[in-house]
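For reference, the structure is listed below as structure tokens.
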Amino acid sequence: MSQKYREYKQLNLTDIEKEIREKWQKGNTFRQSLKEREGNKPYIFFEGPPSANGKPGIHHVMARTIKDIFCRYKSLKGYYVSRKAGWDTHGLPVELGVEKNLGITKEDIGKKISVDEYNAECRKTVLQFKDLWDKLTEQMGYWVDLDDPYITFTNEYIETLWWLLGEIYKKGLLYKGYTIQPYSPAAGTGLSSHELNMPGCYRDVKDTTVVAQFKIKEQQSKKNAILTQYVKDITKAYFLAWTTTPWTLPSNTALAVGPNIDYVVVESFNPYTSEPITVFLAKNLLYSHFKKENENKDFSEYNKGDKEIPFKVLAECKGKELIGIEYEQLMPWIQPMESEGEAFKVIGGDYVTTEDGTGIVHIAPTFGADDARVAKLANIAPLHLLDKNEKTQPMVDKTGKFFLIEELDEDYVNKYVNKELYKEYAGRFVKNAYDSNLTDKDTSLDVDLCVMLKQQGLAFKIEKHTHSYPHCWRTDKPVLYYPLDSWFIRTTAIKDRLIELNKTINWKPQATGTGRFGNWLENLVDWNLSRSRYWGTPLPIWRTEDGKEEICISSVKQLSEEIEKSIKAGFMTENKYSSSNYDDFDLHRPYIDSVILVSQSGKPMKRETDLIDVWFDSGAMPYAQRHFPFDCTEEELKQHFFPADFIAEGVDQTRGWFFTLHTIATMVFDSVAFKNVVSNGLVLDKNGNKMSKRLGNAVDPFEMMNKYGADATRWYMISNSQPWDNLKFDPDGIDEVRRKLFGTLYNTYSFFALYANIDGFCYKEKDIPIAERPEIDRWILSELNTLIINVDKAFNEYEPTRAARLISSFVDEYLSNWYVRLCRRRFWKGEYSSDKISAYQTLYRCLEVIAKLSSPIAPFFSENMFINLNSVTNRENHSSVHLTDFPTADENLIDKALESRMQMAQKICSLVLSLRKRHNLKVRQPLASIMIPCDDKTQSEIEKVRNLILSEVNVKEIKYLSLQNNVLSKNIKANFKVLGPKYGPMMKSIAKAISEFAQSDIAKIEIEGKYTLNIEGKEIELALTDVEITTKDIEGWVVANEGNLTVALDVTITEDLKKEAVARELVNRIQNIRKDSNFDVTDNIIVELQEEDLLKASCEQYKDYICNETLTRELILKPSIDNPTTQIDVIEDRQLDIRITKC
RNA sequence: AGUCGCGUAGCUCAGUUGGUUAGAGCACCACACUGAUAAUGUGGGGGUCGGCAGUUCAAGUCUGCCCGCGACUACCA
């Protein structure tokens, strides 16, 4: 039975893909591919869960293509690659989506809508675009198990999270703490960094700023050398510190200096009160606060109120010499509590700069993240108040105003608050925007405070300052940095281990691992887990009211047991969590909030109302996707599911998913979570702008795939730039890939199919031994095997771009434009000989290997080609290319010498063609000879590819010229790489001397092998290896050269050559006419020609050739032709009649 | 603002340990070829290798500073 290779009318990638998709579906090919590798060594892959409440974009095609490539590749290499899909279902975007749909805000939750209903709504919408995602997955050919995905909102998933949190808790790494967070008083809610980075959130605002004078305590002068030595009047000594938020000054408890920054002690006068002062500030900033021209002016000439204020630098010192000096509280309204630490002294701060301000930073630990950090390190107390409920509070309440005295604890007020001073400001909003009774035109608290300081002689400079400041996207009002209670994971405790383990991870690109991720780890802060939200994983911690007793629940079973205890204690009446059927209950809010547990000492414990960061959800997926440790033992986990060999996501996940995976794995299992990670860059639009729905430049992945096909889209994205570079997405580029790669491959396949079908080639014959195959076959097979090695290596090193480019240049340059072009004749000419079989076998092998090599990147086209080939030959017992083994290179077939001489042949041909072009000699005009000057070795190499060159460039003979021949003129150039290190500075003169060599000098060094130069009085002996000699011209020939290769062409056209040219022209015209007349390739014809002398001579001499080429049975020349088919122009300046008929 | 990455032809990208005419594809122009024809070849135009300094005999390549773009981290006096 001789089945035919499938032939196509034209290339249609989308049709092919549709057909293949159906085939996969019918044959369950993905499952099959897993099944066949079952029991093999696993290659563990984690799917980063996308959120299905948004539509997929083109960048998802990018990320998923990368994932797919390596999973498919490893599958071909024999690994068992299980790929569980997943859905990220919690978190802020979901909630915001719901709020938008329902037209509510967070404040309405619990009022207009119950938490229960709200969460139900979230659950409903969270997978709203799942179908679209599934469609994308299928259409782009991403193989992942969609039937059994992990979903983060399930009770099982949450239970694993609780277990992990329990482990972390047991290790003492989970704690409750205070942190400064962006907070919107107007909205009454904390804001995530995500919310803060929304467009338009940062706006320039004009604030009143003040450089305040912090008075140094008088008794300090005895303790500090600087003060003792340089400050004349300690009662007038101040630190200068700048703030853009004067309302934080009453909360000041320290000043920070840069330990290595230079400071100066300056004697001068206060600009507002003209009182004499001695102040400290950074040396670099001296002249931003004092006019240079007033330096060292006579103090006695200064009169009160003068604008020009003289000053004098008394001394200089380093910041560290100032550390420890105490100062008087600037606004002594409220004292910090001693129990919380020291106050009002100078401390060191690593973040202090001298870019603006005074180089001395006012520290209010309750309102600045950096402030809080350095204060804590230096044991500085934050300024805390105690409210009626005995809770510590910052000076500002959650609505954005200073606490009223009556809201505070009475004992506390008596002890710490100066009521006289404070009452004037108590209740004031720190920004007018928070007070509904005020507008921007009203005096702000900041201004009032500045005026007060001015009157007290404690303000050095008051001015307006414009800076960018974040605003709440919901209320449009400025954000406050505010301390909030949060639960933290003490990641800083395992920092060293995180860094150590990170060094074992193979990052692509490496810089992301060492740089972005490495830096992130170096500057690690504790992980703030808390989110005051509704739809997410609840924090499984229950606490007594006083916070002294608490429990961290690690499983549903434990929860149920604790509830039982609680029922006994009378805090609860029923246990909804006792069922072993996880569908019977819900671990989400609000249900979980109604669980009240009992403490050791018998007190009720309520759940901490926080949810946990959704990033914990995704970082826990290696375990939660298997419901570890409840449905999966640690042994199973470590054997089959953890850690991952490979993950891939966008580079924006570095501090997201990559970090949480790494941290949880390190904390709980002391292991990396992934061994190899590819982080891809962004997909930008063709102009390099970020894609966004708002700008309307977002590319619809479905549109692209419908138009160009998934394979072309995938190939384009992978081959165009390295995955980690940003991709400027241009649809024209996809089209180029379609034409260039798939078009060429399609043409090559079609060519093969056309002739293989005619000849009935089904690869039935035994492989022709390699030694019996012609040079060109051995060459392409050598290149093919080299390609296998290189592509294998590229995939193995996670370099998909390299793999894609290697394949595509092989297909284009080697296979199509050289092998097939040069071998065309072998396929359509002559008998079904061993040479022809060799050609078929060789081309078949190439196509088969290309199908396999490219299958990870272009799964559809490669599949189609493989099936088309294999269904005729049945060489492989596989129904899909994705079920085959990755090709192994046969190193015996690799012949580097052959590869390089073929390259030389291509170069020679290209030179000859360029000579023909330059001299207007058509390739159809045969020429007598070319001449190549070269050594014996090169000559014997060229001899082996002689015939290829001759037929390609239509020349009769190659002549060689020994290099010593005196008809050659030569060029000589210094070999910089050899001479440079030897002679260094003399290089220039030597190079010049060499370039000035006469032909005789060149001959001399060639013959004697050395040459002595005299440069700058020194004798320099040159060896032959110190120079590069190339041939330039050959007397009497037309010559072209490239590198060290020179080719000369004999352009003489003899009478014989002319006749042959005519014969070839004639063949060409007849072929064209055959084609135009739609004759079949195998039809025999009769040709009648109008007589002409040269044509006649040509036809006589080349009759056999002409007839053979064109399947002409009779070639008749006669004076005139009846009914000519057309006219031809084979003879210069003549149009001759021709008539062609089938016979 | 800090950290990281990127910057080479109109566009998309290569460019080895520094070594002397900086390459390819696309696009454009011209010419050719044609039993693969929506393919192909040859030639041409097109470059201050982001800028400036430095190291070196020699810098697209190494160093520093600056500019532009992007990401991340912050928004801090």
Side-chain angles (χ1 to χ4, degrees), chain A residues 10-11 182 193 196 202 209 211 241-245 248 255-256 349 351-353 355-364 368-371 467-470 479 481 509 511-512 514-520 523 650-652 654-655 681-682 684 686 688-690 719-722 724-728 730 732-733 736 739-740 743-744 746-752 754-755 801 805 808-809 812 816-817 820-821 824-825 827-829 909-910 913-914 916-918 920 922-924 973-981 983-991 1068 1071-1072 1074-1075 1081 1109-1110:
Chain A
Q10 59 169 5
L11 173 64
S193 58
L196 227 51
Y202 281 90
T209 72
V211 175
W242 182 57
T243 180
T244 54
T245 49
T248 61
L255 292 172
Y351 69 102
V352 177
T353 66
E355 271 164 37
D356 45 23
T358 62
I360 301 174
V361 178
H362 141 64
I363 300 286
D370 280 329
D371 301 32
H467 62 151
S468 93
Y469 197 85
V479 157
Y481 285 83
T512 301
T514 54
R516 186 181 290 207
F517 195 66
N519 284 343
W520 169 257
N523 301 315
V651 69
D652 51 326
T654 306
R655 62 159 258 295
L682 295 172
L684 309 169
K686 62 187 280 191
N689 299 313
K690 213 172 165 176
S719 66
N720 187 66
S721 62
Q722 303 258 56
W724 31 89
D725 287 336
N726 288 345
L727 172 69
K728 285 186 195 165
D730 185 356
D732 289 346
E736 191 180 319
R739 286 201 321 266
K740 192 101 191 112
T744 307
Y746 158 81
N747 268 332
T748 309
Y749 167 80
S750 301
F751 175 84
F752 168 84
L754 176 67
Y755 294 106
T801 308
R805 288 177 180 173
S808 122
S809 75
D812 186 46
S816 169
N817 283 326
V820 173
R821 197 155 59 83
R824 277 176 300 191
R825 256 188 111 71
F827 292 90
W828 49 260
K829 209 69 207 169
C909 289
S910 147
L913 290 172
S914 93
R916 277 180 169 277
K917 166 77 195 162
R918 218 176 302 157
N920 228 350
K922 290 182 170 186
V923 180
R924 269 195 295 263
K973 197 173 71 177
N975 185 340
F976 284 81
K977 207 166 181 173
V978 176
L979 283 173
Y983 295 108
M986 297 175 73
M987 218 26 236
K988 268 187 186 142
S989 343
I990 296 174
N1068 167 253
Q1071 300 288 30
N1072 286 347
R1074 282 184 64 115
K1075 212 166 145 192
V1081 174
E1109 289 294 310
T1110 56

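Quick note on labels: first sequence line is chain A, next is B, and so on, each numbered from 1.
B:rG41 sits 40 Å from B:rG5 when the C1' atoms are compared, rounded to a whole Å. Remark: the separation of the C1' atoms in B:rU8 and B:rU3 is 26 Å, to the nearest Å. Across B:rA71 and B:rA24, the matching C1' atoms stand 29 Å from one another, rounded to whole Å. Comparing the P positions of B:rU16 and B:rG23 gives a spacing of 14 Å, expressed to the nearest Å. For B:rG47 and B:rU21, the C1' atoms lie 13 Å apart once the distance is rounded to whole Å. Nucleotides B:rG19 and B:rC33 have their C1' atoms positioned 40 Å apart, rounded to a whole Å. Separation of the C1' atoms belonging to B:rA27 and B:rC11 is 8 Å when rounded to the nearest angstrom. With C1' as the reference atom, B:rC49 and B:rA9 are 10 Å apart, rounded to whole Å.
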Nucleic acid footprint by protein, nucleotides 8-20 of chain B - heavy-atom cut-off 4.0 Å, B for base, S for sugar-phosphate alone: ----SSS--B-BB

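Closest approach of A:G359 and A:V352 over heavy atoms only: O-CG1, 3.3 Å. Summarising the geometry of A:D371 relative to A:I363, their closest heavy-atom pair is OD2-CA, 3.5 Å, with the distance given to 0.1 Å. Scanning all heavy atoms of the two residues, the minimum distance from A:A241 to A:T358 falls at CA-OG1, 3.5 Å.
By the side chain to side chain donor-acceptor pair (under 3.5 Å) test, A:N747 pairs with no residue at all, sequence neighbours left out. Scored by the salt bridge (Lys or Arg N to Asp or Glu O under 4.0 Å) test, A:D812 finds A:K740 as partners (sequence neighbours excluded). Here A:Q722 pairs with A:W724, A:D725, A:E799, A:T801 under the side-chain contact (heavy atoms from CB on, under 4.5 Å) rule; sequence neighbours left out. For A:N975, the side chain to side chain donor-acceptor pair (under 3.5 Å) test picks out no residue, with sequence neighbours left out. Applying the side-chain contact (heavy atoms from CB on, under 4.5 Å) test to A:S989 and every residue at least two apart in sequence or in another chain returns A:I1015, A:E1016. Every residue was checked against the salt bridge (Lys or Arg N to Asp or Glu O under 4.0 Å) condition with A:E736, not counting sequence neighbours, and none meets it. Shown here are the side-chain contact (heavy atoms from CB on, under 4.5 Å) partners of A:L11, two or more places apart in sequence or in another chain: A:L13, A:I16, A:F742, A:Y746, A:F861. Here A:A974 pairs with A:F976, A:L979, A:M987, A:A991, A:I994 under the side-chain contact (heavy atoms from CB on, under 4.5 Å) rule; sequence neighbours left out.
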Could you go through nucleotides 22-24 of chain B and list every protein N or O atom that sits under 3.5 Å from one of its N or O atoms, giving the distance for each pair?
none

Are there any protein N/O atoms within less than 3.5 Å of an N/O atom in nucleotides 38-41 of chain B, and if so, which ones and at what distance?
| from | atom 1 | to | atom 2 | distance (Å) |
| --- | --- | --- | --- | --- |
| B:rA38 | N6 | A:Q10 | OE1 | 2.5 |

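Nearest-nucleotide positions on RNA chain B place A:S750 closer to the 5' end than the other of A:V361 and A:S750. Each of A:I360 and A:Y746 was assigned the nucleotide of RNA chain B with the nearest heavy atom; the assignment lying further toward the 5' end belongs to A:Y746.
No donor-acceptor contact under 3.5 Å links the side chain of A:R825 to the base of B:rG35.
Screening A:F827, A:F751, A:F752 for a side-chain contact (heavy atoms from CB on, under 4.5 Å) involving A:V820 leaves a single residue, A:F751.
Among the protein residues, A:Y755 comes within range of the sugar-phosphate backbone only, with heavy atoms under 4.0 Å from sugar or phosphate atoms but none that close to a base. Among the heavy atoms of the strands, none lies under 4.0 Å from A:D732. Residue A:V978 is classed as having no contact, given no heavy-atom separation below 4.0 Å to the nucleic acid. Within 4.0 Å (heavy atoms only), A:Q1071 reaches at least one base atom of the nucleic acid. Nucleic acid contact class of A:G368 (heavy atoms, under 4.0 Å, all strands): none.
Looking only at distances, a side-chain donor or acceptor of A:Q1071 sits under 3.5 Å from a matching main-chain atom of A:E1109. A donor-acceptor contact shorter than 3.5 Å links the side chain of A:R805 to the backbone of A:N720.
Counting to the nearest Å, the C1' atom of B:rG25 and the CD atom of A:E736 are 6 Å from each other. Going from atom CH2 of A:W724 over to atom P of B:rC6 covers 12 Å, rounded to whole Å. Spacing between atom CZ of A:F827 and atom C1' of B:rG35 amounts to 14 Å, rounded to whole angstrom units.
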Output field dot_bracket for RNA chain B (Watson-Crick or G-U, both distances under 3.5 Å, | for other-strand pairs) contains (((((((..((((.....[...)))).(((((.......))))).....(((((..]....))))))))))))....

